[in-house]
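Please read all numbers here as calculations on a predicted model, not as lab measurements. Just the heavy atoms: all of them, side chains too, but no hydrogens, waters or symmetry mates, feed the values below.
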Protein chains: 4
Amino acid sequence: MSPLNKQQLDQIRDERREEIKQASLKVFARRGYKGTKTSLIAKEASISEGLIYRYFNSKKELFITLIQELMEEARRELEHVHHLPGTPFEQLRNLTENMFDENSKYAFMLIERSRKDENVPEKVTQIFEQLPPNVLIDLLVPTFVKGQKSGEFSPGEPRKLLTWYFTIVNSLLTQEQGDEEYGLPDVDVLMRILAK
Amino acid sequence: MSPLNKQQLDQIRDERREEIKQASLKVFARRGYKGTKTSLIAKEASISEGLIYRYFNSKKELFITLIQELMEEARRELEHVHHLPGTPFEQLRNLTENMFDENSKYAFMLIERSRKDENVPEKVTQIFEQLPPNVLIDLLVPTFVKGQKSGEFSPGEPRKLLTWYFTIVNSLLTQEQGDEEYGLPDVDVLMRILAK
Amino acid sequence: MSPLNKQQLDQIRDERREEIKQASLKVFARRGYKGTKTSLIAKEASISEGLIYRYFNSKKELFITLIQELMEEARRELEHVHHLPGTPFEQLRNLTENMFDENSKYAFMLIERSRKDENVPEKVTQIFEQLPPNVLIDLLVPTFVKGQKSGEFSPGEPRKLLTWYFTIVNSLLTQEQGDEEYGLPDVDVLMRILAK
Amino acid sequence: MSPLNKQQLDQIRDERREEIKQASLKVFARRGYKGTKTSLIAKEASISEGLIYRYFNSKKELFITLIQELMEEARRELEHVHHLPGTPFEQLRNLTENMFDENSKYAFMLIERSRKDENVPEKVTQIFEQLPPNVLIDLLVPTFVKGQKSGEFSPGEPRKLLTWYFTIVNSLLTQEQGDEEYGLPDVDVLMRILAK
DNA sequence: GATGAATGAGTCTTCATTCAT
DNA sequence: CATGAATGAAGACTCATTCAT
């Protein structure tokens, strides 16, 4: 049988790389950088430990790559909020609900967790220092101000309120499932922080 | 000078043990269980690494001891809330402010962090599973209900509201200093979650 | 086109096997046994890594095969020296020049290097122990003695002088290009060691 | 009993560090950089593998340190040649004999070996490129010229002759014990290369 | 009691070798 | 026959724990 052609191999490589990123995202999000053994990543991705190193030079590089890409993705998501349908209140409500989605959950968890984690590689600390949360928050300010004008949102310094709001949302995400009995806080309860 | 007598030696031992617990509390709170090297604890306590092992059998035992004692202390603090002066609203406000105190801060940080941390010793996981946050929350329910009756607090399921409230407060504590620009959320903003 | 017949296939196999040996010779000669990654051999031979294993059972076997064949070849070359044209001095001069040839260079480099290398497979160590350089040297003794009698060579124990001479020649080969400024030592300067 | 004081500890540390350097020198000299396992260094130094890392950050750092210090030492030794007693011939003869001493042997072996080794850390390659052998050779040129004038040495380009001479001496050193039967070449035979 | 050098089990990383295609 | 992705054993490195002083 003939060997796979270049295109097929490239595709396998891309898929595998993606799988490893997804698997490591889950583990890093739960256990943090230092607490994550490469053996756990391998198990989560159902591959051998050594294979990770055909796709990433080190655990550190894998982690940094992950953080960089997630930050970029987060930025894109926030930039798009004002294109969502509905009023500003509905747009932010929507965004919040998305953040709790199975899909984005781990991404926000990892970013949130890593921001506080002193065990993270130097480079990651730098990324967070250079790109303060406000950069992301600022993207939402126009939407929020619009909501204030229409009376949907509480008056007050927009960046301050938004910062607190997302501090809280992010913190809750980190808990993965919040309190067992009541689940994650109702988005509407959270939105009270912003609502008039 | 005569050598120290038995009682004095015991006192030194107790003090030293306490110092090690305080030092390790700070480090564990910031870096988590796995991320904390015994060398860092020793440095924080200004002692040698080996000395830790004269007071605790292992890093694990030290950690477990810490968690157990902090949980006990937390319970005592919550039980006392209704003895504080002022209205229920003022009592909870007071409690919240205390939690952000330099003194208790690390304790709450560590507990909150450890609850989510999958790198923690099995025994600690068990402690949290057996002693759900509700046990602590339940201690505040009477106070809260009293506040609802007097119209200070929002109506609704008391345990649910309190659970969310402290989930949020605890999460914020973990961040140590919150957003750099705005600092920790204003306690009054937080209390909006409970307030009518 | 009709498929290749058995004979043609055998020829391809032989050629391929030879290519792999040539490529690995170059790499082993430069980097030694342990320092040579199979990936480097594959690259040098412009084939895939896996293909090596269709022609050799292991890196070790490839290496041993190489050493054995090179030793055999070296023996043949030395046996032929006295058939070369010219006086004994010219014959040894000729041999020496051949050793620095692009063709034989790597072979002598590898043998010389491997003789000193403690990272080499056990079997190779044995080959060198069982077949001491003297076996090769002995082949040249008649030629040398002839030259002594004719007054071309310095008097003295022939095997001793020859051993030193080739020790030196081999050592220089290992350096590949000697000192950058002056290149490899002039063969005539080397021959002074033997000359009267 | 009271703990060791600072000075004693510093001494232990210095001695240990020196022991590790000596042990690793022996192993690196015989097996090269890549072929040397840290476990072998540990065994040679009769310590645990982990201890190496309290004194050096990595096998690479240990190796680089070694090379740098040996180069420095070599320079000092060559600079001192013209202070040795005797004629220039005797001075170089003396130097050569020193190089074969049990003490310096491994040092010259390692440097010589590493210069040719393509498996060595980048930094080491740079050291050798920046500090070509000629820098060391140049230190001996005055002595050699003096010997030429007094008729002890062969006429000819001093740097060229010296370069070849030491190329050969170094190469022989690498073999550790040369041919078993005849031992290392007689220094006087070697000196013929330089002698008139 | 106190110190920090020393150990060794556990993790990260490399690379010869295998195997599905 | 040929490829290169995948595996896993072996080697580098970290750090909780021990122990001589």
Side-chain angles (χ1 to χ4, degrees), chain A residues 1-6 8-10 12-13 15-16 34-42 45-62, chain B residues 3-4 9 12-13 16 34 36-42 47-62, chain C residues 3-4 9 12-13 16 34-42 47-62, chain D residues 1-6 8-10 12-13 15-16 34-42 46-62:
Chain A
M1 218 176 296
S2 71
L4 298 173
N5 66 31
K6 184 138 191 350
Q8 286 171 311
L9 283 174
D10 278 358
I12 287 175
R13 278 194 70 82
E15 282 171 15
R16 193 57 91 201
K34 275 221 69 169
T36 294
K37 306 179 203 174
T38 51
S39 62
L40 286 179
I41 296 174
S46 306
I47 57 172
S48 70
E49 227 175 315
L51 190 57
I52 296 170
Y53 291 86
R54 270 183 72 79
Y55 294 90
F56 298 91
N57 289 322
S58 63
K59 173 178 152 180
K60 191 200 271 190
E61 188 198 282
L62 167 54
Chain B
L4 300 174
L9 280 174
I12 288 176
R13 269 197 74 83
R16 195 40 70 95
K34 269 227 73 170
T36 294
K37 305 178 200 177
T38 51
S39 63
L40 286 180
I41 296 174
I47 57 170
S48 71
E49 239 180 301
L51 192 54
I52 295 169
Y53 291 84
R54 283 198 152 270
Y55 294 90
F56 299 91
N57 289 321
S58 65
K59 172 177 151 179
K60 190 200 274 192
E61 186 199 285
L62 166 55
Chain C
L4 300 175
L9 281 175
I12 289 177
R13 268 196 75 82
R16 196 38 71 95
K34 268 227 74 170
T36 293
K37 305 180 200 175
T38 51
S39 63
L40 286 180
I41 296 175
I47 57 170
S48 70
E49 241 181 299
L51 192 54
I52 295 169
Y53 291 86
R54 283 198 152 268
Y55 294 90
F56 299 91
N57 289 321
S58 65
K59 172 177 152 179
K60 191 199 273 191
E61 187 199 284
L62 167 56
Chain D
M1 220 178 294
S2 72
L4 299 173
N5 66 32
K6 183 138 190 351
Q8 286 171 313
L9 283 174
D10 277 357
I12 287 175
R13 278 194 71 82
E15 283 171 13
R16 193 56 91 201
K34 275 221 70 169
T36 295
K37 305 178 203 174
T38 51
S39 62
L40 287 179
I41 297 175
S46 306
I47 57 172
S48 70
E49 226 175 315
L51 191 55
I52 295 169
Y53 293 88
R54 271 182 72 80
Y55 293 90
F56 299 92
N57 289 322
S58 62
K59 172 177 152 180
K60 190 199 270 190
E61 188 198 283
L62 167 55

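If you measure from atom CZ of Arg16(D) to atom C1' of dA6(E), you get 8 Å, rounded to the nearest angstrom. Regarding Leu62(C), its CG atom lies at a distance of 12 Å from the C1' atom of dA16(E), rounded to whole Å. When rounded to the nearest whole Å, the span between CD1 of Ile52(D) and P of dA6(E) equals 12 Å. Rounded to an integer number of Å, the gap from CD of Glu61(D) to P of dC13(F) is 10 Å.
Rounding to the nearest 0.5 Å gives a distance of 9.0 Å between CG of Leu40(A) and CD of Glu49(A). Atom OH of Tyr53(D) is separated from atom NZ of Lys59(D) by 8.0 Å, given to the nearest 0.5 angstrom. Atoms OH and CZ, on Tyr55(B) and Arg13(B) in that order, are 5.0 Å from each other to the nearest 0.5 Å.
When the side-chain nitrogen and oxygen atoms of Arg54(B) are compared with OP1 and OP2 of dT3(E), none of them lie within a distance under 4.0 Å.
Under the side-chain hydrogen bond (donor to acceptor under 3.5 Å, both in side chains) criterion, Arg16(B) pairs with Glu19(B), not counting sequence neighbours. Under the rule for a side chain to side chain contact (heavy atoms under 4.5 Å, CB included), the partners of Ile52(B) that lie at least two apart in sequence or sit in another chain are Thr38(B), Ile41(B), Ala42(B), Ile47(B), Leu62(B). Qualifying side chain to side chain contact (heavy atoms under 4.5 Å, CB included) partners for Lys34(C), counting only residues two or more places apart in sequence or in other chains: Asn119(C). Not counting sequence neighbours, the partners of Arg54(C) by the side chain to side chain contact (heavy atoms under 4.5 Å, CB included) test are Leu51(C).
Taking for each of Tyr55(B) and Asp10(D) the nucleotide of DNA chain E with the nearest heavy atom, the 5'-most of the two is the partner of Tyr55(B).
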Requested in this report: At under 4.0 Å between heavy atoms, which parts of nucleotides 9-15 of chain E does protein reach? Answer with one letter per nucleotide, 5' to 3': B base, S sugar-phosphate only, - none.
Outcome: --SSBBS

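Remark: DNA chain E forms stems of 3 or more consecutive Watson-Crick or G-U wobble pairs, all pair distances under 3.5 Å, at E:2-21 with F:2-21.
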